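Chain A is the first sequence line, chain B the second, and so forth, proteins listed ahead of strands; every chain is numbered from 1. Everything numeric here is computed off the predicted structure, so don't read it as measured data.
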Protein chains: 2
Amino acid sequence: MSIIETVEAEGSEAVSLHQRILSDISEKILSGAWAPGHRIPFEHELTAEYKCSRMTVNKALSQLAKAGLIERRRRSGSFVRRPQSQAAVLEIHDIRIEVEALGLPYRYQRLERLQRRSSAEDRMLLELATSGPVLALEGLHFAGRRPFAHERRLINLAAVAEAGEEEFLDIAAGPWLIGRVPWSEAEHRIRAIAADDHIADALDIEPGAPCLVVERRTWSAEHPVTHVRFTYPAESHTLVARFRPSQG
Amino acid sequence: MSIIETVEAEGSEAVSLHQRILSDISEKILSGAWAPGHRIPFEHELTAEYKCSRMTVNKALSQLAKAGLIERRRRSGSFVRRPQSQAAVLEIHDIRIEVEALGLPYRYQRLERLQRRSSAEDRMLLELATSGPVLALEGLHFAGRRPFAHERRLINLAAVAEAGEEEFLDIAAGPWLIGRVPWSEAEHRIRAIAADDHIADALDIEPGAPCLVVERRTWSAEHPVTHVRFTYPAESHTLVARFRPSQG
DNA sequence: ATGGCTATTATGTATATACATATTGAGACG
DNA sequence: CGTCTCAATATGTATATACATAATAGCCAT
């Protein structure tokens with residue numbers, strides 16, 4: 001009897017063998033058919049099963065290993081890993097996109113613009129070692145007539161000198177920076193706060209009302225570029241993060 | 001002359017060629033040396049530069065393409081992509097781990113446990129099509145003597161029948177579920193709320209105080225498994241998400 | 001028994017090769 | 001002048017092969 005009959009599963013539209021091996025195995029793991037700790041077949045066994053070379057199998061398994069689904073041990077084989085910590089991919093979009101996705105007209109309005117030597121607080125926010133020129137901005141993002149988010153931003157002018165010439169009157173610094181400065185790393189901090197008087201006034205909500213705060217620090221090739229703090233009124237905003245075990 | 005001189009660059013600790021190509025190119029892109037739109041050298045050029053086979057170069061470039069740093073076009077070459085939307089990886093740990101990382105003793109305490117047929121609300125939360133048995137749990141996570149987080153959970157007993165036999169008196173359902181049920185997909189929603197009387201009472205904070213809410217829905221092989229809502233007092237909790245352009 | 005040596009085994013990395021496929025550019029032709 | 005065809009080109013996928021490396025199992029000598 002033939003071990004495999006290359007069954008052309010209905011609906012299979014010319015996926016590569018490599019993809020097929022990958023999804024077959026992911027499926028077995030995620031469905032629970034192969035529990036954590038289970039030893040998955042050796043490369044040479046899969047080679048026989050899929051009638052392909054070891055390189056092809058190896059590529060698929062290496063990918064699964066990098067994705068964290070399996071763990072490979074020399075001489076012993078490959079094993080299904082137990083889920084570690086929940087890792088979710090959080091997409092943080094441009095606020096304009098978010099607002100327009102709601103079908104509302106978007107507008108940005110600058111509240112303040114200040115160029116100065118970095119204060120101690122600035123340096124802490126930017127994780128800057130030495131003092132230097134920074135640009136401090138404050139502005140509001142509107143969805144229709146209502147304030148959608150408040151933005152408070154610091155830009156390290158040592159890293160982005162051209163920003164010093166920009167007014168940022170009705171364009172937000174975010175989109176301006178993207179495309180101009182390649183960013184290599186970013187850190188987000190997400191938390192809840194009670195609106196202080198200043199924020200409450202800007203967002204037209206009650207002082208003390210809960211707000212979602214997203215802070216982002218961005219580096220480009222080791223240099224701090226910008227620190228920004230978005231404050232959203234609680235009702236207006238939910239962040240959605242999805243986890244789907246990576247595979248191909 | 002020798003075709004290859006295996007130059008052991010100082011500080012290079014036996015990384016594979018593949019890794020070296022990968023990090024070289026990432027570095028060029030992330031430092032801005034190669035701006036978005038820039039055409040990176042053809043495979044055969046890199047082959048010459050690194051004195052290696054096309055397969056090795058190809059593997060590295062394919063990986064960069066999957067990571068989203070470059071875009072590959074047949075006949076035209078490979079190009080640096082412009083940054084799309086900010087995607088951050090959010091790690092959501094077990095609460096016990098978080099608490100213990102703070103150096104505080106951890107404790108879980110059940111507040112309520114109720115087994116019932118799913119209500120309309122339950123079905124909405126679980127995204128369940130048909131009615132069936134569910135387990136509703138409510139509990140508190142303590143850091144030392146202070147409440148650290150409030151948990152409200154629904155478990156779909158059709159998917160995890162054994163959960164019906166568990167009391168969950170002093171162990172949280174999260175760790176119990178992990179390891180028992182392989183989960184293939186999860187969705188997180190993060191937002192800020194004002195504490196209602198019930199939450200305020202449980203967490204020992206003022207009604208109306210801002211809280212961070214993390215909701216998670218989990219599926220295993222298409223079947224809804226559980227929906228959980230964690231509520232953290234604002235002071236106690238900040239989510240940190242990091243983006244680092246994936247590479248090897 | 002205990003320690004150390006060796007052969008075996010599975011994975012890790014790289015090569016040369018082959019053919020498929022999408023896209024483009026140039027030249028032929030109406 | 002448009003468009004049609006064909007060859008050239010860069011990437012996509014797969015193969016067979018080779019040698020390196022890490023871990024283990026078994027054996028042997030002390």
Side-chain angles (χ1 to χ4, degrees), chain A residues 3-4 6 8 12-26 29 34 37-81 247-248, chain B residues 2-9 12-26 29 34 37-81 247-248:
Chain A
I3 309 225
I4 297 202
T6 339
E8 289 291 323
S12 96
E13 312 108 16
V15 278
S16 65
L17 230 174
H18 161 245
Q19 275 299 321
R20 214 180 100 217
I21 299 176
L22 229 151
S23 52
D24 276 11
I25 297 182
S26 312
I29 295 174
W34 289 350
H38 178 268
R39 209 208 75 227
I40 78 175
F42 295 127
E43 292 189 351
H44 72 264
E45 295 176 295
L46 292 171
T47 280
E49 186 177 334
Y50 288 95
K51 297 199 198 306
C52 67
S53 75
R54 187 168 80 88
M55 275 305 297
T56 303
V57 169
N58 179 285
K59 219 174 144 190
L61 292 189
S62 302
Q63 202 168 320
L64 283 172
K66 182 146 10 124
L69 274 190
I70 68 173
E71 182 189 342
R72 315 199 69 192
R73 285 201 290 273
R74 283 176 157 152
R75 171 69 217 243
S76 311
S78 304
F79 300 84
V80 178
R81 292 219 315 183
Q247 58 113 312
Chain B
S2 75
I3 309 231
I4 300 198
E5 345 180 29
T6 339
V7 183
E8 288 290 323
S12 96
E13 310 109 18
V15 278
S16 65
L17 230 174
H18 162 245
Q19 274 300 318
R20 215 178 99 217
I21 300 176
L22 229 151
S23 51
D24 276 12
I25 297 182
S26 311
I29 295 175
W34 290 349
H38 178 268
R39 209 210 74 225
I40 77 174
F42 295 127
E43 292 189 352
H44 73 263
E45 295 175 291
L46 291 171
T47 281
E49 186 177 335
Y50 289 95
K51 299 199 196 305
C52 67
S53 75
R54 187 168 81 89
M55 274 308 295
T56 303
V57 169
N58 179 284
K59 219 175 143 188
L61 292 189
S62 302
Q63 202 168 320
L64 282 172
K66 182 146 13 134
L69 274 190
I70 68 174
E71 182 188 343
R72 315 199 70 193
R73 285 201 290 275
R74 283 175 159 150
R75 167 69 217 242
S76 312
S78 304
F79 300 82
V80 178
R81 292 218 320 181
Q247 57 114 311

Margin query: Just so I know, are the side chains of A:Y50 and A:T56 near enough to count as touching, which here means a heavy-atom distance under 4.5 Å?
Written below: no
Checklist line | Donor-acceptor contact below 3.5 Å, side chain B:E45 vs main chain B:F42 | finding: yes
Check: Between A:A60 and A:I21, which heavy-atom pair has the shortest distance, and what is it?
Finding: CB-CG2, 3.9 Å
Note to self: Looking at A:R81 and A:E71, is any side-chain nitrogen of the basic one under 4.0 Å from a carboxylate oxygen of the acidic one?
What the structure shows: no
Notebook entry, point to check: Which letter, B, S or -, goes with each nucleotide of nucleotides 11-18 of chain D from 5' to 3', with contact meaning a protein heavy atom under 4.0 Å?
Noted result: BBBBBBBB
Check: Does a side-chain heavy-atom distance below 4.5 Å link A:S62 with A:R72?
Finding: yes
